[in-house]
Participant: 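Can you read through this structure? Questions will come right after.
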Amino acid sequence: MTPLARLIADRIREAGPITVADYMAECLLHPVHGYYTTRDPFGAKGDFTTAPEISQMFGELIGLALAQAWLDRGSPAPFTLAELGPGRGTLMADILRATRSVPGFHEAARVTLVEASPRLREVQAATLAAYSPNWIDHLEDLPEAPLFLIANEFLDALPIRQFQHGPQGWQERLIGLRDETLTFGLSAPLPQVPEAPAFRHAPEGALVEDNLAARHAVAEVSTRIARAGGMAYWIDYGGWRSQGDTLQALRQHRPDDPLAHPGEADLTAHVDFEPLAALAPAFAYDTQGAVLTRLGIDARAERLAQGLSGPALENHRSAHHRLTDPQEMGSLFKVLAITSAGAPPPPGFA
Ligand code: SAH
C-alpha cells in the first residue's frame with residue numbers, strides 16, 4: 001500500500017466510499033502525497049511524455065497560431081497570454097521564442113499560468129524566468145482582458161465522476177474497501193437522473209462519465225472570451241461523446257490498475273469534448289494531426305531537418321511522425337478552439 005492508499009482507506013473507513021472524482025483529486029493533488037505535487041512526471045525517466053516535450057515544433061506552431069489570432073483581432077493591448085497546467089513550462093517557452101519577432105506581441109502579453117503543483121511551479125519559474133510570468137490558483141482570478149489561452153493535456157487530469165445505468169436505474173461508481181483493499185462499487189440507485197449533458201445520449205446499460213471540472217474550466221474561459229475577446233485552444237486525447245469507462249493509470253510508461261498505486265501513478269480520463277463545446281460562444285474542433293498540418297508542421301519540419309543529421313535527424317523525423325500520424329497522436333488527440341461569436345476563425349481550421 002502506498003502512503004496515500006492508507007490515508008484514503010482511513011477516510012473511507014470513517015466516512016464511507018468516495019466518488020471517482022474525489023479519488024482522482026486526492027491521487028493527483030494531495031498536498032503531501034499527490035502525484036503532481038510531489039514529482040516532475042515528464043520524459044524518459046518519468047511516467048509519460050507530452051507533445052511539447054516530444055518536439056519544439058508543437059509550441060512554435062501553437063505560438064504562431066495564437067499570435068495570428070491576436071493580430072486577426074486587432075492586436076489588443078494589454079492581453080492575457082495564459083496556459084493551464086504548464087508542466088515543465090516547455091510549451092510556453094516555445095510559444096514565446098517563436099513569437100519574439102511578432103511586433104508588439106510580447107510587449108502586450110501578460111504571461112499567466114494556472115498550476116496547482118508547487119513542485120511544477122518551481123520548474124516553470126526556472127524555464128520562464130526571462131518572461132516574469134504570474135501564477136494564479138483559480139481561473140476566476142484571470143484578469144479582465146482579452147484572453148489568448150492554451151491548455152495541453154490539462155483537461156484529462158481533471159476529476160471525473162462515473163455513473164452506471166442498470167436495471168435499478170442510475171448508480172454512481174464509488175471507491176470503497178473490500179478486505180482492506182481499495183475496490184470499485186456502486187452507490188444506491190439515485191433518486192433522479194444526473195443533470196449533466198453526457199446523460200442525454202446514454203444508451204441502456206451504459207457507463208457515463210461526467211467531466212464536471214472540465215466543464216467548469218471551459219465555461220469560465222468561454223465567459224471571459226465572450227466578454228473581452230480572444231481565443232482558446234484545448235488539446236487533449238479524447239473524442240466527441242462519452243466513451244464508457246476511460247479512467248486510466250500510467251506508471252513508468254506502462255498502464256497500471258487505477259486503484260493500485262494512488263499518488264504514484266498518473267490518473268487521467270479521455271476528454272468528452274461534446275459537452276465542453278456546448279459551453280463555447282463559438283468553436284471549431286478537429287484532430288491534432290489535421291490542425292498541426294494546416295498550421296504548417298510539414299514545412300517547419302523540413303526547415304529544421306536541414307540543420308540535422310544522424311540520430312538527431314532520426315529523432316526529429318520520428319517526433320514529427322508521432323505528433324501527426326493517425327496511428328500515433330495525430331487522431332487520438334483533438335483540438336477544441338473557442339472564440340467569441342462572429343470572430344475571425346481560429347488558425348489551423350478549414
Ligand atoms: N501542459 C503540459 C503538462 C500536462 S500534465 C504538457 O503538455 O507537457 C498536467 C498539468 O496540469 C500539470 O502541470 C499538472 O500539475 C497540472 N494540473 C493538474 N490538475 C490541475 C488543476 N486542478 N489545477 C491546475 N493545474 C493542474
Side-chain angles (χ1 to χ4, degrees), residues 21-31 33-63 66 81-96 111-128 133-142 149-160 211-221 232-238 248-251 253 263 265-271 288 292 319 322-323 329 332-335:
D22 285 345
Y23 179 74
M24 279 183 87
E26 289 280 31
C27 288
L28 295 178
L29 295 174
H30 184 279
H33 302 293
Y35 180 75
Y36 285 116
T37 353
T38 54
R39 67 192 74 208
D40 172 353
F42 309 99
K45 287 208 204 75
D47 295 296
F48 60 94
T49 189
T50 58
E53 303 295 336
I54 290 171
S55 168
Q56 67 183 74
M57 292 188 290
F58 184 79
E60 290 170 348
L61 295 170
I62 296 295
L66 289 170
L81 179 60
E83 183 174 0
L84 312 185
R88 281 182 177 162
T90 308
L91 172 54
M92 186 50 85
D94 290 338
I95 288 173
L96 288 163
V111 178
T112 304
L113 309 175
V114 180
E115 173 57 67
S117 159
R119 172 81 195 274
L120 288 173
R121 279 192 189 200
E122 276 173 33
V123 180
Q124 292 154 19
T127 315
L128 299 168
N134 179 36
W135 283 266
I136 57 174
D137 290 326
H138 306 286
L139 284 168
E140 289 77 0
D141 302 330
L142 281 169
L149 178 142
I150 171 75
N152 185 61
E153 291 212 48
F154 170 75
L155 297 172
D156 69 4
L158 299 183
I160 53 149
N211 47 0
L212 63 167
R215 285 194 284 125
H216 175 79
V218 171
E220 190 64 34
V221 167
Y233 285 127
W234 308 86
I235 307 179
D236 232 301
Y237 74 107
Q248 67 174 47
L250 208 60
R251 189 167 176 248
H253 294 269
D266 186 34
L267 274 188
T268 58
H270 275 56
V271 176
Q288 171 173 302
L292 292 179
R322 251 181 108 177
L323 292 180
M329 298 171 80
L332 178 60
F333 280 71
K334 310 294 192 306
V335 186

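Counting convention: from 1, in listed order, for ligands and their atoms alike. Only this structure's heavy atoms are used, side chains among them; waters, hydrogens and symmetry mates stay out. Just so it is clear, the model here is predicted, and its values are computed rather than measured.
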Participant: Pick one: which of Leu113, Asn152, Val114, Leu158 meets side-chain contact (heavy atoms from CB on, under 4.5 Å) with Leu84?
Facilitator: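 Testing each of Leu113, Asn152, Val114, Leu158 against Leu84, the sole residue satisfying side-chain contact (heavy atoms from CB on, under 4.5 Å) is Val114.
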
Participant: Answer whether the closest heavy-atom distance between the side chains of Ile235 and Ile62 falls below 4.5 Å.
Facilitator: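 Yes; the side chains approach each other to less than 4.5 Å.
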
Participant: Looking only at heavy atoms, which two atoms of Tyr36 and Ser117 are closest? And how far apart?
Facilitator: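 The answer is O-OG, 2.6 Å.
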
Participant: Considering residues at least two apart in sequence or located in another chain, which fulfil the side-chain contact (heavy atoms from CB on, under 4.5 Å) criterion with Leu332?
Facilitator: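 For Leu332 the side-chain contact (heavy atoms from CB on, under 4.5 Å) partners, ignoring immediate neighbours, are Tyr237, His270.
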
Participant: What does the N/O contact table under 3.5 Å look like for ligand 1?
Facilitator:
unit_1	atom_1	unit_2	atom_2	d
ligand 1	1 (N)	Gly85	O	2.7
ligand 1	1 (N)	Asn152	O	2.8
ligand 1	7 (O)	Thr50	OG1	3.4
ligand 1	7 (O)	Asn152	ND2	2.8
ligand 1	8 (O)	Thr50	OG1	2.6
ligand 1	13 (O)	Gly87	N	3.0
ligand 1	13 (O)	Glu115	OE1	2.6
ligand 1	15 (O)	Glu115	OE2	2.6
ligand 1	25 (N)	Ala116	N	3.2

Participant: Which atom pair, heavy atoms only, marks the closest approach of Gly59 to Leu91?
Facilitator: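 Taking every non-hydrogen atom into account, CA-CD1, 3.4 Å.
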
Participant: Do side-chain atoms of Gln124 reach the backbone of Gly87 as a donor and acceptor pair under 3.5 angstrom?
Facilitator: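 Pair found, side chain donor or acceptor close to backbone of Gly87.
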
